[in-house]
Enquirer: 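Let me begin by handing over the structure; questions about it come next.
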Amino acid sequence: MSPLNVVSAADTSLIQAPSISYSALAPILIVLGAACLGILVEAAAPRERRFGFQLGLTLLALLAALVDVITLRGRSELTAASAVSVDGVTLFLQGSILVLGMLSVLMLAERAVEPGGSIVASAAVVVGSPADRRLASSERVQTEIFPLTLFAIGGMLIFPAANNLLLMFVALEVLSLPLYLIAGLSRRRRLLSQEAAIKYFLLGAFASAFFLYGVALLYGYAGSVDLFDILQAQNTSTQSDTLLYLGFGLLVVGLLFKAGIAPFHSWTPDVYQGSPTPVTAFMASCTKIAAFGAIIRVLYVGFSISAWNWRPIIWAVAIASMVVGAIVGLTQTDLKRILAYSSIAHAGFILVGLVSLDQAGLSSVLFYLAAYGFTTIAAFGLLTLVRDSNGEANHLAQWSGLARRSPLFAATFTFLLLALAGIPLTSGFTGKFVVFRAAYHIAGPLVVIALIASAIAAFFYLRIVVMMFFAEPAEDGPTIAIPSALSTIAITVGTAATLVLGVFPQPLLDLADKAAKLRG
Amino acid sequence: MHNLSLVGLLAVPLLGSVAIFALPAGRDLLAKQIALLASVITFVYTVVLGVAFKTTEGADRFQFTGSWVWIKNLGVHFAFGLDGIALVLIGMATLLVPCVVLASWRTFDSVEDAEELRAPTRSPKAYFGLVLLLEVFMIGVFAATDVFLFYVFFEAMLVPMYFIIGSFGGPRRQYAAMKFFLYSLVGGLLMLASVIGLYVSSGTSSFAFTDLLGHVPNGATQKWLFLGFFIAFAIKAPLFPFHTWLPDAGAEAPAGGAALLVGVLDKVGTFGFLRYCLPLFPEASRYFAMPILILSVIGVLYAAFLAMGQRDMKRLVAYTSVAHFGFIGLGIFAFTTQGGTGAVLYMVNHGLATGLLFLVVGFLVARGKSRQIADFSGTAKVTPRLGGVFLIAGLAALALPGMSTFISEFLTLVGTFTRHRALAIIATTGIILAALYILLLYQRTMQGRLSEKVSGFRDLNARELLAVTPLIVLIFALGIYPKPVIDIINPAVRFTMQDIGQSDPQPQHAAQTSTDGGHK
């Protein structure tokens with residue numbers, strides 16, 4: 001793949017072809033290869049068979065990549081001129097991204113709830129034009145979404161593995177560009193969706209620019225974009241520390257933006273609300289994992305010896321994120337925005353685990369990311385089912401008395417909300433517990449703030465529960481659509497994982513413990 | 001080491017609850033029968049355990065212990081065991097549940113005003129299923145001997161109670177349920193911080209109560225950890241000034257729910273003081289004892305005055321409980337065996353008496369569709385049996401000699417007096433105030449001119465009488481011969497006194513008073 005060659009070009013002293021361990025890169029190669037194949041299918045396969053082909057190809061590719069990741073377990077090596085680090089953390093995160101990506105793809109392929117699926121068939125048609133009205137009533141299906149998603153996942157697989165800032169930047173773009181696009185593909189409320197895509201793109205482009213500027217400054221400081229060299233340079237470099245700090249700051253801004261951490265979170269609620277809900281689920285779970293993977297790599301590998309330097313920054317953004325997520329979330333009335341603020345608060349909780357800079361902190365963050373991903377996917381999956389004549393009914397007021405219409409729906413959603421609130425016997429509790437335990441000895445006050453933020457956030461989860469169970473149903477309230485097997489599988493797996501990781505977290509905790517080793 | 005008897009005790013109500021939730025809609029009668037059967041079996045089971053419990057000298061502190069590794073990485077065990085304190089509280093709880101089931105047979109719902117009457121009847125299936133589920137958690141919270149497991153049950157208890165209040169409560173049920181949940185959750189999260197801190201600072205890598213005992217370092221850490229636990233329990237108990245949620249929750253909850261809430265759930269708070277705060281944090285307990293004792297005394301008097309001013313019967317009963325919890329706090333933090341034993345006995349008796357009082361008030365409310373004292377007058381003339389039971393419940397609440405509550409109140413005051421004379425004397429005035437508010441309540445509702453509204457009331461039927469009879473019998477039986485229960489409690493309290501390194505002050509002769517009296 002071409003991004004990998006960039007590294008050797010950067011190596012100015014002696015240009016020689018780096019050795020590449022293809023087996024270690026296989027999951028990435030499989031996914032990106034399948035994405036390219038998907039584009040060919042798009043061009044070659046007859047329209048009526050395309051959907052089945054694409055779905056099958058996508059799931060197969062993700063499954064193959066997952067199997068490959070599993071066979072790679074225990075590996076710890078650098079490859080492609082030490083630009084890619086395949087170690088426990090990488091593999092754990094890649095595995096999580098692949099599993100959650102598969103669930104997201106299942107939801108993207110859902111067509112029983114909305115004729116033709118939640119993705120608009122032809123995104124270029126002007127909103128409100130006659131063609132748009134014709135489009136709205138047709139059941140044409142859009143299948144480009146599958147290769148786009150595969151490209152995004154491919155980028156996400158590289159992102160946490162990148163040991164080289166330039167590669168990390170390429171991965172960032174590979175994962176972001178398809179996301180900018182698919183955020184704007186909603187079949188309903190298209191203007192909102194397009195607005196979301198534009199916002200995401202513009203702000204994302206700014207963030208990428210920050211990231212790149214940071215890389216440039218760090219190169220100026222260390223003479224290399226390799227994280228090991230940057231680490232080395234902090235001991236030996238004669239350059240001004242200003243370069244280091246400025247570069248680090250700009251770099252981190254770009255990463256915090258992708259992870260949706262306050263104060264770089266402002267895109268999150270708008271984009272989560274406007275995007276097609278399966279895409280939101282995909283972003284909230286997989287993008288978050290990938291972004292945190294990159295943050296872990298930068299902080300733990302590139303800047304581990306200057307921890308005293310960045311720890312206050314992580315404190316500050318973690319507090320900001322938890323407080324903003326919890327407090328602003330209180331004022332929201334749209335379900336998707338509520339979940340968006342919840343994800344901002346959760347990003348803060350995850351950061352709490354990172355301040356400890358030890359293996360316990362790392363493994364707790366890995367566990368939290370996976371657990372949160374499952375819960376989020378299931379929660380957004382359930383959101384797609386509540387519908388009225390205008391599509392999804394996401395306003396809180398429309399949810400009043402939903403428990404009367406469908407007790408099963410309300411009970412499942414309540415369970416997921418309790419998990420987000422961190423009530424025992426759910427994965428959310430286990431995750432919070434391990435994260436806070438890891439951070440306790442080094443950042444006691446931060447843990448207390450996190451606990452207070454959890455208590456505040458619990459209020460807005462409970463508001464939803466109150467609405468569903470205790471309010472009277474409206475006359476013309478929304479109905480609960482019956483999904484096909486695809487969404488059902490995604491929601492069931494997400495919910496079951498939330499329960500199992502709450503009651504029997506041992507296997508995944510073990511796995512995260514074993515995986516929590518970085519090469520470097 | 002692997003005694004299954006307590007797991008069995010948990011399994012009975014759990015199976016009952018699952019069976020009820022699994023019933024098809026409309027099988028309401030069957031749901032009630034299952035609830036009654038399961039709760040009676042649970043009670044009989046508990047009695048059998050009580051008979052098998054050894055109280056001889058040298059008997060183990062915890063009996064029927066069983067321990068299984070739950071989450072290895074965290075040192076969490078699925079560990080159960082009973083000491084005398086837990087045993088009598090479980091006995092009280094499991095007795096109260098069948099009584100509540102019987103009493104709620106038809107009136108599980110709080111029917112308050114015309115609007116509520118027209119609303120579709122709420123599902124009895126859900127109510128009885130939740131009551132059994134609550135019973136599982138109540139038993140679990142008392143029987144757990146692992147701090148983590150205790151915390152899990154402590155939090156999980158909130159959920160069924162939240163739904164009982166929120167779904168079946170009075171007109172302001174949503175507000176009350178939310179307030180209840182948030183107060184408890186804040187307390188719970190503070191406790192979580194302390195649980196993690198306990199684990200980290202003890203250095204034992206285990207959450208088992210017996211492993212942690214004596215391993216908490218003295219000094220500031222212990223004080224902070226103590227405060228985390230203490231505030232959680234003080235909110236739960238509730239102790240002045242953390243009591244403000246109770247009048248709302250107690251008033252809005254359906255009568256059966258209120259009986260369990262105040263009768264059992266709140267005992268978890270005082271149980272927590274005795275089981276966790278004192279033994280785990282002996283130094284901090286001694287340090288904070290005086291302020292807590294003073295708060296307790298304030299609570300006794302303050303709540304008594306507030307109770308006198310109430311117009312709403314259920315709020316009144318809730319305030320009486322706050323006053324009684326003041327007595328319990330006094331008994332616990334006096335650090336004498338009489339005080340401790342009295343406090344435990346008080347918990348049991350208060351559960352019986354207040355449970356009875358709430359059920360009787362519930363009968364009255366169900367007949368008059370109102371909680372206001374002013375709406376009832378001369379009721380005893382039409383319904384002599386209801387009047388009689390009401391009087392017994394009231395007298396039990398004001399601790400008339402001959403009733404079990406008298407013994408416990410006496411013991412706590414004696415226990416306090418030997419160490420803190422002034423406090424005991426001030427608290428004694430609470431007894432007089434109790435007589436005032438209870439007798440005023442009885443006089444206003446039961447005696448006086450027969451009001452028109454009341455004249456159509458029917459008296460208690462056989463089912464309702466059956467529901468309250470066990471409670472009344474036990475109140476009298478323990479009032480006359482409390483020895484069996486005290487024998488069970490005493491060893492456990494002595495263990496606790498050893499843990500905090502306190503021995504009873506010797507009774508002083510009149511000649512040598514005032515020099516060394518009242519000091520540790």
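Computed from heavy atoms alone, side chains included, the values below leave out hydrogens, waters and symmetry copies. Note on naming: letters A, B, ... go to the chains in the order of the sequence lines (proteins, then strands), and numbering restarts at 1 for each one.
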Enquirer: By number, which residues in residues 409-421 of chain A have some heavy atom less than 4.5 Å away from chain B?
Expert: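 Those residues of residues 409-421 of chain A which have a heavy atom under 4.5 Å from chain B are A/T414, A/L418.
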Enquirer: Can you find a pair of side-chain heavy atoms, one from A/V466 and one from B/Y162, that are under 4.5 Å apart?
Expert: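 A/V466 vs B/Y162: side chains touch.
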Enquirer: With only heavy atoms counted, which part of A/I423 is less than 4.5 Å from chain B, the side chain, the backbone, both or neither?
Expert: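 Just its side chain gets close to chain B.
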Enquirer: Of the non-hydrogen atoms in B/M178 and A/R463, which two are nearest, and what is the gap between them?
Expert: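 The pair with the smallest heavy-atom distance is CE-N, 3.8 Å.
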Enquirer: So how far is it from A/M467 CE to B/Q174 CD, rounded to the nearest 0.5 Å?
Expert: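 That separation rounds to 8.0 Å.
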Enquirer: Kindly assign one of parallel, tilted or perpendicular to the pair A/F469 and B/F163, based on the angle between their ring planes and the thresholds 30° and 60°.
Expert: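 Correct class here is perpendicular.
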Enquirer: Between B/W224 and chain A, which part of the residue has a heavy atom less than 4.5 Å away: side chain, backbone, both or neither?
Expert: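 Nothing of B/W224, per the 4.5 Å heavy-atom cut-off to chain A.
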Enquirer: Indicate the atoms forming the closest heavy-atom contact of B/L182 with A/A455, along with that distance.
Expert: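 It is CD2-O, 4.2 Å.
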Enquirer: Answer whether the closest heavy-atom distance between the side chains of A/F459 and B/F181 falls below 4.5 Å.
Expert: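 They are not in contact (no side-chain heavy atoms under 4.5 Å apart), so the answer is no.
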Enquirer: Tell me, do B/V152 and A/L425 make a side-chain contact under 4.5 Å, heavy atoms counted?
Expert: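 Yes - at least one pair of side-chain heavy atoms lies under 4.5 Å apart.
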Enquirer: Tell me whether the centres of the aromatic rings in A/F433 and B/Y199 are closer together than 6.0 Å.
Expert: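 So the answer is no for these two rings.
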Enquirer: Which distance, rounded to the nearest 0.5 Å, do you find between the CG of B/L198 and the OH of A/Y440?
Expert: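 If we round to the nearest 0.5 Å, B/L198:CG and A/Y440:OH are 9.0 Å apart.
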Enquirer: Where the side chain of B/W70 meets the backbone of A/V503, is there a donor-acceptor pair that is under 3.5 Å apart?
Expert: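 It does hold such a pair.
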Enquirer: Check each atom of B/V159 against the heavy atoms of chain A and say whether the ones under 4.5 Å are side chain, backbone, both or neither.
Expert: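 Looking at B/V159, just its side chain touches chain A.
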Enquirer: Would you mind reporting whether B/V186 and A/L451 have side-chain heavy atoms less than 4.5 Å apart?
Expert: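 Not touching, per the 4.5 Å side-chain cut-off.
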Enquirer: Should the heavy atoms of other residues, nucleotides or ligands under 6.0 Å from NE2 of B/H215 be counted, would the total exceed 12?
Expert: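 Result for NE2/B/H215: open.
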Enquirer: For the CG atom of B/L185 and the CD1 atom of A/I456, what is their distance to the nearest 0.5 Å?
Expert: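 Between atom CG of B/L185 and atom CD1 of A/I456 there are 11.0 Å.
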Enquirer: When rounded to the nearest 0.5 angstrom, what distance separates CG in B/L192 from CZ in A/R437?
Expert: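 Output value for this atom pair is 12.0 Å.
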Enquirer: May I ask you to test the B/K72-A/D510 pair for a side-chain heavy-atom distance under 4.5 Å?
Expert: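 Yes, close enough: below the 4.5 Å cut-off.
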Enquirer: Of all of B/A177, B/G197, B/A156, which one pairs up most often with chain A through heavy atoms under 4.5 Å apart?
Expert: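 Looking at each of B/A177, B/G197, B/A156 in turn, B/G197 comes out on top.
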